[in-house]
> 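Structure below; questions to follow.
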2 protein chains.
Amino acid sequence: MSDHDHRPARPDAEVTLPRLLGVLSDPTRLGIVRVLSDGAERGWGQLCAPVAKSTLSHHLKTLREAGVTRTRQEGTRCYVTLRRDALDDRFPGLLSALLDAAATDYVGAHVTELTKDT
Amino acid sequence: MSDHDHRPARPDAEVTLPRLLGVLSDPTRLGIVRVLSDGAERGWGQLCAPVAKSTLSHHLKTLREAGVTRTRQEGTRCYVTLRRDALDDRFPGLLSALLDAAATDYVGAHVTELTKDT
DNA sequence: TTCGATGTTCAATGAACTTCGAACGATGAA
DNA sequence: TTCATCGTTCGAAGTTCATTGAACATCGAA
């Protein structure tokens, strides 16, 4: 990410591989991706990571701007999904391999999903 | 080796996925890996990147310490190879997917191999 | 309208990273 | 021995990044 990639907010479609790797090299962000890897939508507050909410917001923005996730707003709530189709379209097989590696190893284990325990 | 090194200079075997992704998120380093991707050994000076030699040395050290490459010394010369076997062992299929992605896209195109044009 | 909850943005800080030139040690050649 | 080459290490400069609390905007509920 040391390139002159100063794109404020391109649609996405133009994510370079180094940039994508940089985005996913953060344990928290990789953990988020791992949680979202089943394709299901998650509520913002459902994402449980050991960081301040401003930090979590920053990471989600980073993922969003890199085209990794999509955020849907509904009232005051946000819902996040993994854009697996878009990623597979740009880098076929890569996300799958990354998720396999993430599962094999540890990876972002501190990012969990907040289950509603009755 | 130096006393300035607070780094966990473990053999390697302990490379986390986020760290590996961070190492490969640099265009120059990814370019080096791409050049080495055929498995053949390359001479240090054969690696042609638009950076100072001290910078190139730094990047090669980073790759080496992450277990991505191996450096063999012979006299004053160094020879670098990609440790595909070790990487495949730790993260099966990942390197292959990354190289495919690197080939699909651009990636580190400014790192080339110095062909001996006599 | 007023209140509470939800996320985002801002400004600041410290750590980590990239980059370079200069200096250095090691090796092979003259 | 003397010299040139090769690659590493050092020191410094500048940049990027993760992180935080506070302030803010928005929306639903009361």
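Every chain is numbered from 1 and lettered A, B, ... according to where its sequence line falls, protein lines coming before strand lines.
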> Could you tell me the separation between the CZ atom of B:Arg77 and the C1' atom of D:dG7, rounded to a whole number of Å?
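Whole-Å distance recorded here is 11 Å.
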> Which heavy atom of A:Thr69 sits nearest a heavy atom of A:Arg64, and at what distance?
OG1-N, 3.4 Å
> Specify the closest pair of heavy atoms between A:Leu21 and B:Leu30, including all atoms of both residues, with the distance to one decimal.
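Looking at all heavy atoms of both residues, the closest pair is CD1-CD2, 4.2 Å.
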> Which of these nucleotides, D:dT8, D:dA18, C:dT8, is closest to any side-chain atom of A:Arg64?
C:dT8
> Specify the separation, in whole Å, of atom CD of B:Gln73 and atom P of D:dG7.
8 Å
> Where is the tightest heavy-atom contact between B:Leu98 and A:Leu17, given as atom of each residue plus distance?
O-CD2, 3.8 Å
> What integer distance in Å separates A:Arg19:CZ from D:dT16:P?
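These atoms are roughly 14 Å apart.
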> In this structure, how many angstroms lie between the C1' atom of D:dT9 and the CG atom of B:Leu56, rounded?
15 Å
> In whole angstroms, how far is the C1' atom of D:dT19 from the CG atom of A:Leu60?
15 Å
> Please give me the minimum heavy-atom distance between B:Val35 and B:Arg42, naming the atom from each residue.
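Of all heavy-atom pairs spanning B:Val35 and B:Arg42, the closest is O-NH2, 3.2 Å.
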> Between the opening five pairs and the closing five pairs of the helix from C:dT1-D:dA30 to C:dA30-D:dT1, how far apart are the helix axes, to 10°?
10°
> Distances under 3.5 Å between protein N/O atoms and the N/O atoms of nucleotides 24-30 of chain C, please, pair by pair.
none

> Taking CH2 from B:Trp44 and P from D:dC6, how many angstroms apart are they, rounded to a whole number?
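The distance from CH2 of B:Trp44 to P of D:dC6 comes to 10 Å, rounded to the nearest Å.
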> Compare the minimum distances between each of C:dC20, D:dT19, D:dG7 and the side chain of B:Ser54, then state the nucleotide with the smallest one.
C:dC20
> Output a table of donor-acceptor pairs, distance under 3.5 Å, between side-chain atoms of residues 72-81 of chain B and any protein atom two or more places apart or on a different chain; print 'none' if there are none.
residue: B:Arg72; atom: NE; partner: B:Glu41; partner atom: OE2; Å: 2.9
residue: B:Arg72; atom: NH1; partner: B:Glu74; partner atom: OE1; Å: 2.6
residue: B:Arg72; atom: NH2; partner: B:Glu41; partner atom: OE1; Å: 2.9
residue: B:Arg72; atom: NH2; partner: B:Glu41; partner atom: OE2; Å: 3.4

> Do you know the tightest heavy-atom contact between B:Ser37 and B:Leu82?
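Result for this residue pair: CA-CD2, 3.9 Å.
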> Between C1' on D:dA18 and CG on A:Leu30, what's the gap in Å once rounded to a whole number?
16 Å
> Could you walk me through whether A:Arg19 and A:Glu65 pass the side chain to side chain contact (heavy atoms under 4.5 Å, CB included) check?
CA-CA 11 Å; A:Arg19 172 142 178 259; A:Glu65 289 184 347; 4.2 Å; yes
> To check you understand the geometry: which heavy-atom pair defines the closest contact between A:Val23 and A:Arg29, and what is its length?
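A:Val23 and A:Arg29 have their closest heavy atoms at O-NE, 2.6 Å.
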> Just one of B:Leu94, B:Val15, B:Val33, B:Val68 clears the side-chain contact (heavy atoms from CB on, under 4.5 Å) bar with B:Leu87, so which one?
B:Val68
> Which one, D:dT8, C:dT19, D:dA18, comes nearest to the side chain of B:His58?
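Closest nucleotide among those given: C:dT19.
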> How many Å lie between CG on A:Leu63 and P on C:dT8, as a whole number?
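Going from CG in A:Leu63 over to P in C:dT8 covers 12 Å.
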> Among D:dT9, C:dT9, C:dT18, find the nucleotide with the atom closest to the side chain of A:Ser57.
C:dT9
> Side chain of A:Thr55 only, please: which of C:dC20, D:dT19, D:dT8 is the nearest?
D:dT19
